[in-house]
Every structure is written in structure tokens, then in C-alpha cells.
Amino acid sequence: MFRTHTCGELKITDVNNEVTLAGWIQRIRNHGAMTFIDLRDRYGITQLVIDEDSSDTVKKQLTELGREFVIQVKGTVRERSSKNRNIATGEIEIGVVNITVLNSSEIPPFTIQDDTDGGDDLRMKYRYLDLRRNKVRDNLILRAKMAHAVRSYLNEKEFIETETPVLIKSTPEGARDFVVPSRMNEGEFYALPQSPQVFKQLLMIAGFDRYYQIVKCFRDEDLRADRQPEFTQIDCEMSFVEQKDILETFQGLTEYLFKEILDIEVTEFPWMPYSEAMEKYGSDKPDIRFDMLINDISDVVKGKGFGVFDSAEFVGAINADECSCYTRKQLDQLTNWVKRPQIGAKGLIYVKCNDDGSFKSSVDKFYSQEDLKIWADTVGAKPHDLILVMSGDREQTLSALGELRLEMGNQLKLRKKNIFKPLWVVDFPLLEWNEETERFHAMHHPFTAPKPEDIHLLETDPGKVRANAYDLVINGVEIGGGSVRIFDSELQAKMFGKLGFTKEQAQDQFGFLMNAFKYGAPPHAGIAFGFDRLVSLFAGLDSIRDVIAFPKNNSGRDVMIDSPSQIAQEQLDELSLKLNLKE
RNA sequence: GGUGGCGUAGUUCAGUUGGUUAGAAUAUCGGCCUGUCACGCCGAGGGUCGCGAGUUCGAGUCUCGUCGUCACCGCCA
């Protein structure tokens with residue numbers, strides 16, 4: 001061993017002990033006749049002192065040391081004459097007897113400290129240096145603790161952790177696949193799994209009863225702050241269970257994590273139908289830390305000669321408490337905000353509810369005080385409040401109002417990071433019409449079971465069929481989702497039919513699964529949590545990059561190892577591949 | 001595929017209406033300093049203003065293109 005102790009453990013009770021430490025030089029404070037060195041490792045920082053008592057050798061070595069050098073130090077623990085109460089080892093220091101430079105360091109491109117001077121680009125390029133910083137390392141330690149807690153909980157519930165293959169088969173549904181050419185099977189490709197979906201269902205058919213895996217998944221789609229091309233799921237499946245059994249089990253997991261990791265009691269997990277989420281929050285992942293619900297005011301605003309509303313399919317409003325003081329400038333800014341292409345609204349109408357009970361709106365020309373009073377009553381507005389109204393196509397307007405609601409929540413500081421409000425969004429539609437391909441797509445995935453009472457709609461009105469599918473949403477973040485599965489080969493075949501597969505295509509792509517259903521498939525259901533998102537939520541971060549050791553950038557590149565990269569012609573030849581690059 | 005922000009010293013940033021030799025902080029290097037812990041003080045070095053074209057007497061500043069990066073929309077069963 002290069003050390004007898006870490007840099008975080010020596011205390012006043014260790015005084016006079018001879019110790020050996022090893023670590024990185026965080027900072028050197030040279031006072032001429034005496035010098036302090038902060039020695040850092042994963043566990044903490046210990047102050048080294050070199051003064052008149054130190055040997056000439058050590059004093060001479062001092063001149064050659066620099067930031068981020070790795071050194072081994074032998075010395076004596078002594079009590080500091082001026083103590084630092086801010087750090088764990090602040091009462092002691094090491095009188096240095098001997099220094100061994102284990103490795104020197106070039107001057108790092110940014111300083112390794114909590115408030116680093118490095119920008120994101122640089123930190124990613126030198127991620128191994130960034131990972132030396134407390135904040136980044138703590139995120140990964142949090143991640144490790146959470147993974148451990150997940151395993152404890154699920155193991156205790158008799159789940160079997162099972163690995164599934166990474167080289168699998170490309171399937172037409174869902175996200176774009178990452179593909180891997182097969183050398184031994186010329187012209188054929190593996191795909192990396194978008195999730196272990198079919199394997200976990202096959203494990204249920206195999207009688208495993210309860211499966212889980214903390215597993216990498218891969219989707220070749222454009223990135224976001226909360227989306228990486230490779231990400232980690234807590235993937236689970238259970239047999240002989242219904243929807244409520246899954247929800248209870250994984251509510252339990254979530255409660256356990258909040259308690260174990262953050263030591264907080266989070267026990268309210270309301271169930272909200274998808275339709276209600278869309279109508280009241282304009283989103284399938286509502287942030288229920290605050291209300292400001294969307295109200296349908298179509299009926300009360302129409303017929304007064306205001307063409308924009310009269311011709312609109314839907315008019316909706318949110319009520320911002322105590323915001324009647326918003327200035328013209330602020331309202332203009334909000335209007336511009338909703339008119340950005342990302343929101344795409346045509347405009348924004350406001351009603352200020354004045355202190356004296358009167359109203360001031362941007363549509364006073366069309367609506368009397370009495371009219372506006374009815375609006376206010378409909379949305380539950382009091383004096384001092386501000387009503388914000390948008391109109392248009394129903395779905396788009398609900399969605400835009402949902403975005404506006406979140407923005408107002410931000411402006412009013414209603415989205416506190418230390419408050420956690422989970423909910424289950426349930427009864428998702430089974431199918432979703434896709435304009436581009438002009439066919440129905442599975443909203444969750446093609447193995448999701450329709451609600452038994454809605455099966456009859458499959459033939460008449462497929463878009464209306466609800467699924468036994470559910471999402472766990474916390475603070476407006478989709479943390480997890482799952483469904484009760486189809487376990488009948490005929491119903492599964494019918495689903496593939498609805499999704500526009502021919503019998504041959506279905507057989508070719510998923511024949512193995514439908515065959516397996518013929519050999520005694522138990523009723524089963526499952527769920528997967530986005531582990532990166534869960535960790536970033538617990539860490540109070542908006543980006544999952546900060547909880548991934550080596551993440552990729554916006555363009556899916558790893559700027560540290562510079563991947564993806566070209567491969568040698570020999571490799572292409574071996575794989576029988578020929579490039580056909582666009583200009 | 002699209003919308004927007006950013007790109008200036010090793011780093012983080014400022015840079016006015018287009019106008020003299022492009023600044024600050026920090027880091028680095030040198031000197032002084034016996035209780036610092038963001039040590040302090042004095043000094044020094046450090047710039048292809050991302051790249052390319054254009055407008056102009058003159059471009060870090062304006063225009064177009066391009067590259068990089070970030071956020072978002074589309075996309076993500």
C-alpha cells in the first residue's frame with residue numbers, strides 16, 4: 001500500500017501518529033519560510049506543512065511541485081495552531097518528513113475545484129480531470145448508492161437480476177436502432193437493444209416470475225439534456241400481476257429510494273388518467289408541484305364578436321395567482337415567448353383582475369366587465385390575479401398552455417427542486433395516429449395490452465382504445481413507464497395487424513415471441529425507470545450528463561475519445577461494407 | 001431536418017454607434033512573505049477576436065457562409 005490513511009480520515013485523536021498519505025496536490029500556499037500543501041484524494045483534503053523543521057531535501061523538492069502532481073508523503077500528524085472548521089480534517093495537519101513524487105502533472109486546462117473556471121466543452125474533453133471535482137464525483141457516488149438501493153429493494157422482493165444480450169435484432173417499431181455489422185454473417189446486422197423488452201417477456205414465459213436488470217439501452221435519436229444515445233434503465237417484469245400490483249411495487253421502490261437516499265418521506269402517488277393530464281396540464285407528464293390548471297373557457301367566450309375565439313376549436317385559460325401586477329413589458333415578453341416556433345402560438349390574451357374587482361384585458365373592445373367577470377369565475381380568479389388565454393386547435397392549444405403554465409411556474413418560483421411530487425399517469429391510449437406514415441403506431445410499444453373493456457373499439461375506433469399502460473412522473477419528469485403485456489398469441493397477432501404489419505412481417509420480426517406465447521405464457525406486466533433521470537432528479541440537476549461518467553455531447557459525440565470515428569478499409573472489407581457517403 | 005444562444009489570453013468573461021496599441025479576473029512564471037486554507041504584496045509573459053468571404057477609408061463589432069458547442073421543436077414504441 002502506498003498509504004496508511006486517506007486524505008479524509010485523520011482527526012485530532014491521530015495527533016503524533018506517523019502516517020503516510022498519497023494523493024493529488026490541490027493547491028500550494030507558499031509563505032516563504034513555511035509552505036502549506038492541500039493534498040486531495042476521493043475522501044477529502046489534508047493539509048501538509050513544510051517549515052523550518054523540514055529537511056533541506058523536502059524544501060528543495062517543494063520548488064518542483066505543482067498542481068495535480070501525485071505525491072506520497074510521510075510525516076507526523078499534529079494539531080493545527082489555527083484550525084479550519086470547514087473541513088473534516090481541519091483540526092490537524094501533517095508535518096512532512098518525506099515526499100515521493102509518484103507522478104508529475106502538466107498544468108491542467110482548468111482548475112480542479114468546486115467553482116471551476118472550465119466551460120462544458122473543456123470539461124468534457126478532459127472528463128477524467130472534471131471527475132476529480134467534488135460535485136461531479138458526488139453525483140456518481142449518488143448514482144452508485146441509488147443503484148445499490150435499487151438492488152437491495154428488488155432482491156428483497158425476490159426479483160432475479162438477469163442479463164440479456166446486447167447484440168440483438170433490429171425491429172421496425174419504435175426508435176431508430178444502432179446497428180452492428182456481423183462479420184461471420186455477411187450482409188447481416190445486429191441491433192443494440194432499445195430496451196430488453198422481448199427478453200424480459202420471454203423470461204416471464206420461462207417462469208422467472210420476477211426479473212430486473214440495471215441495463216444500458218440504445219436509441220439512435222437526437223439528443224436532449226435528458227436524453228443520451230445510450231442510457232440506463234431499471235428494467236423490471238413480473239408475472240401473475242395486474243396493473244395495480246406493478247404500481248404498488250414500484251411506488252414502494254420509489255418511496256424506499258427517497259427514504260434511503262434523501263431521507264425524506266414521499267408517500268402520495270396519485271393516479272391521473274392520461275386524458276385528465278392532457279386537459280388540465282396540457283402534458284402527459286404534469287408537474288403537480290403547483291396548480292394553475294388549464295380551464296376550458298370555450299363556451300363562455302364565444303359569441304361576442306371576437307373572431308379569433310369564435311372561430312377557434314378550443315379556448316383555454318390559466319390563472320396566475322397574484323400576477324395582475326405584470327407590466328405591459330412582461331406581458332409582451334410572455335406573448336413573444338409563446339409565439340416562438342417551439343411553442344408556435346399565434347398570440348396570448350390577458351385579463352388583469354384589478355384590486356377593486358374590475359378587469360383590464362387586451363380584448364376590452366369585445367368583452368364587457370360582466371363578460372370578464374364570468375371568465376374570472378370560470379377559472380377561479382380573484383382580484384390581483386392574471387388570466388392568460390390562448391386559443392386554436394384543441395391539442396396544440398392545450399400543449400401550448402401547458403408550456404406557458406410551466407414557464408409561469410418557473411417565473412413564480414413554484415418549481416422547487418427540493419419538493420418531490422410524484423404521480424402515476426394511467427390509461428394511456430393504446431395507439432397513436434401518425435400523419436407521416438398514415439398508420440397507427442403503438443404509443444407505448446406493440447406488446448401493450450388494451451384495456452379489456454376497450455377491445456371492442458379496436459375494429460371501430462382504434463384511436464379511442466385505452467391501454468393498461470402507465471408512467472411514473474415526478475416533478476414533470478417522465479421517470480418511468482410500463483404496461484400490462486399481451487400474453488395471447490392471437491391478440492398479439494391482431495395488434496401487429498393494427499400496426500400495419502403483414503402476417504409475414506409479423507412472423508419474421510416477432511415470430512419467436514408469438515411462438516413462445518403458444519407454450520404457456522403467464523399474464524405479466526412490467527415497467528422500466530430511466531435511471532439517469534432518476535439520479536439527476538435526486539441530485540437536483542436538469543441534465544443527465546452530470547450523472548453519467550462519460551457522456552456524449554449534443555451531436556452524440558464523445559469529445560474525449562473522439563468517437564464515433566472512421567474505421568480502416570480492412571475493417572470495412574472484413575465486414576463486406578462499402579461506404580456511400582452523401583456530399 | 002428546423003429555431004435560437006454562444007464562440008475574444010491556458011480558463012471564465014468585458015469590449016459602447018464600426019475608429020488609436022483589444023481589457024479584467026483567474027491560472028502560469030519570477031521576486032518577497034512563519035499560520036495560510038479563494039493566503040497576501042510586487043512584477044512578467046501570454047491574443048490567427050473559431051474559420052472563410054463580403055460591405056467599408058477602417059470590422060472583435062455589420063452581412064452571408066461554414067465549423068464547433070449548448071438549449072429547444074421535429075424525432076425519441
Side-chain angles (χ1 to χ4, degrees), chain A residues 26-40 45-54 63 66-68 78-87 89-91 93 106-126 129 171-177 193-195 197-198 217-229 231 336-337 339-344 396 399-400 403 407 428-432 434-436 440-448 467 469 478 481-483 495-496 499 528 530 542-543 545 553-555 557 559:
Chain A
Q26 173 73 29
R27 184 176 276 110
I28 301 174
R29 290 182 295 278
N30 188 339
H31 289 239
M34 82 186 305
T35 295
F36 302 100
I37 298 176
D38 286 341
L39 191 68
R40 183 197 72 234
I45 283 183
T46 300
Q47 176 165 286
L48 314 176
V49 186
I50 294 152
D51 55 20
E52 283 192 327
D53 302 335
S54 304
T63 61
R67 267 177 199 272
E68 300 307 313
R78 59 192 207 198
E79 187 172 0
R80 291 199 197 183
S81 60
S82 62
K83 294 178 179 165
N84 183 349
R85 307 285 174 191
N86 297 322
I87 62 172
T89 61
E91 288 193 278
E93 63 195 7
E106 291 189 13
I107 294 157
F110 54 89
T111 55
I112 314 299
Q113 56 193 35
D114 289 351
D115 295 309
T116 185
D117 57 3
D120 287 349
D121 307 6
L122 210 59
R123 288 173 44 209
M124 285 305 162
K125 184 170 178 188
Y126 298 93
L129 297 181
T171 55
E173 278 285 308
R176 207 173 283 118
D177 284 317
Q194 297 175 29
S195 88
Q197 184 59 37
V198 291
C217 302
F218 305 87
R219 294 177 192 173
D220 186 8
E221 297 293 346
D222 286 2
L223 276 56
R224 291 284 189 282
D226 63 350
R227 269 163 38 190
Q228 286 269 303
F231 60 99
N336 287 334
W337 189 85
K339 283 164 105 171
R340 289 179 314 143
Q342 278 83 350
I343 307 288
Q396 284 173 12
S399 159
E403 295 290 343
E407 173 62 17
F428 274 83
L430 180 71
L431 301 166
E432 195 173 31
N434 185 304
E435 294 290 345
E436 213 171 297
F440 281 104
H441 285 228
M443 192 155 181
H444 185 60
H445 58 50
F447 317 110
T448 298
E478 183 193 328
S483 62
M495 266 299 287
F496 286 131
L499 296 172
D542 294 320
S543 169
R545 258 172 240 173
N553 76 6
N554 243 11
S555 329
R557 298 198 69 86
V559 294

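So you know, we letter chains A, B, ... as the sequences are listed, proteins then strands, and number each from 1.
With sequence neighbours excluded, no residue satisfies side-chain hydrogen bond (donor to acceptor under 3.5 Å, both in side chains) with D115(A). Taking the side-chain contact (heavy atoms from CB on, under 4.5 Å) definition, one finds that R80(A) meets it with Q47(A), K83(A), N84(A), I87(A), E93(A), sequence neighbours left out. By the side-chain contact (heavy atoms from CB on, under 4.5 Å) test, L122(A) is found to be paired with P109(A), F110(A), Y126(A), residues two or more places apart in sequence or in another chain being considered. With sequence neighbours excluded, no residue forms a salt bridge (Lys or Arg N to Asp or Glu O under 4.0 Å) with D177(A). For D542(A), the salt bridge (Lys or Arg N to Asp or Glu O under 4.0 Å) test picks out K417(A), with sequence neighbours left out. For E407(A), there are no salt bridge (Lys or Arg N to Asp or Glu O under 4.0 Å) partners, not counting sequence neighbours. The side-chain hydrogen bond (donor to acceptor under 3.5 Å, both in side chains) check on D120(A) picks up R123(A), with sequence neighbours excluded. Remark: D53(A) pairs with D51(A) by the side-chain contact (heavy atoms from CB on, under 4.5 Å) rule, at least two apart or across chains. Judged as a side-chain contact (heavy atoms from CB on, under 4.5 Å), and not counting sequence neighbours, S399(A) has no contacts.
If you take atom C1' in C13(B) and the same atom in U56(B), they sit 29 Å apart, rounded to whole Å. Nucleotides C6(B) and C41(B) place their P atoms 35 Å apart, quoted to the nearest Å. For the P atoms, the distance from G60(B) to G18(B) is 13 Å, rounded to whole Å. G5(B) and G46(B) have their P atoms separated by 36 Å, given to the nearest Å. Between the P atoms of U63(B) and U17(B), the separation comes to 14 Å (whole Å). With C1' as the reference atom, U69(B) and C33(B) are 44 Å apart, rounded to whole Å. Between A38(B) and G4(B), the distance separating the two P atoms is 44 Å to the nearest Å. When the C1' atom is compared between G10(B) and A53(B), the two are found 30 Å apart, to the nearest whole Å.
One atom, CG of D53(A), and another, C1' of G35(B), lie 14 Å apart when rounded to the nearest Å. Computed from coordinates, the W337(A) CH2 to G4(B) P distance equals 17 Å when rounded to whole Å. Straight-line distance from the CZ atom of R176(A) to the C1' atom of G74(B): 11 Å, rounded to whole Å. Atom CZ of F110(A) is separated from atom P of A27(B) by 16 Å (rounded to the nearest Å). Computed from coordinates, the E68(A) CD to G10(B) C1' distance equals 15 Å when rounded to whole Å. To the nearest angstrom, C1' of G35(B) lies 14 Å from CD1 of I50(A). Between Q228(A) atom CD and C76(B) atom P the separation is 18 Å, expressed in whole Å. Look at CG on D114(A): it is 16 Å from C1' on U12(B), rounded to the nearest Å.
Residue S555(A) has its side chain nearest to U69(B) when only G35(B), U69(B), C76(B) are considered. The listed nucleotides are U36(B), A27(B), U69(B); the one nearest the side chain of V559(A) is U69(B).
Position along RNA chain B of the nearest nucleotide to E93(A) versus D120(A) favours E93(A) as the more 5'-ward residue.
Two residues are said to be in side-chain contact when any heavy atoms from C-beta on lie closer than 4.5 Å; I50(A) and I37(A) meet this criterion. Counting heavy atoms from C-beta outward, L223(A) and R557(A) have side chains that stay 4.5 Å or more apart.
Within 4.0 Å of F36(A), counting heavy atoms only, lies at least one base atom of the nucleic acid. Across all strands, L122(A) comes closer than 4.0 Å only to sugar-phosphate atoms, never to a base (heavy-atom distances).
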Protein-to-nucleotide contact annotation, 5' to 3' order, nucleotides 37-47 of chain B [B base; S sugar-phosphate only; - none; under 4.0 Å, heavy atom]: BSB--------
Nucleotide-level pairing of RNA chain B, given in dot-bracket where Watson-Crick and G-U pairs need both distances under 3.5 Å and | marks other strands: (((((((..((((.....[...)))).(((((.......))))).....(((((..]....))))))))))))....
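One finds the CD atom of Q228(A) at 8.5 Å from the CG atom of N553(A) (value rounded to the nearest 0.5 Å).
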Working for salt bridge (Lys or Arg N to Asp or Glu O under 4.0 Å), residues R227(A) and D222(A): CA-CA 8 Å; R227(A) 269 163 38 190; D222(A) 286 2; over 6 Å; no
Is there any protein nitrogen or oxygen under 3.5 Å from a nitrogen or oxygen in nucleotides 71-73 of chain B, and what are the pairs?
unit_1: A71(B); atom_1: OP2; unit_2: R545(A); atom_2: NH2; d: 2.9
unit_1: A71(B); atom_1: OP2; unit_2: N554(A); atom_2: OD1; d: 2.8
unit_1: C72(B); atom_1: OP2; unit_2: A225(A); atom_2: N; d: 3.2
unit_1: C72(B); atom_1: O2; unit_2: Q342(A); atom_2: NE2; d: 2.8
unit_1: C73(B); atom_1: OP2; unit_2: R224(A); atom_2: NE; d: 3.0

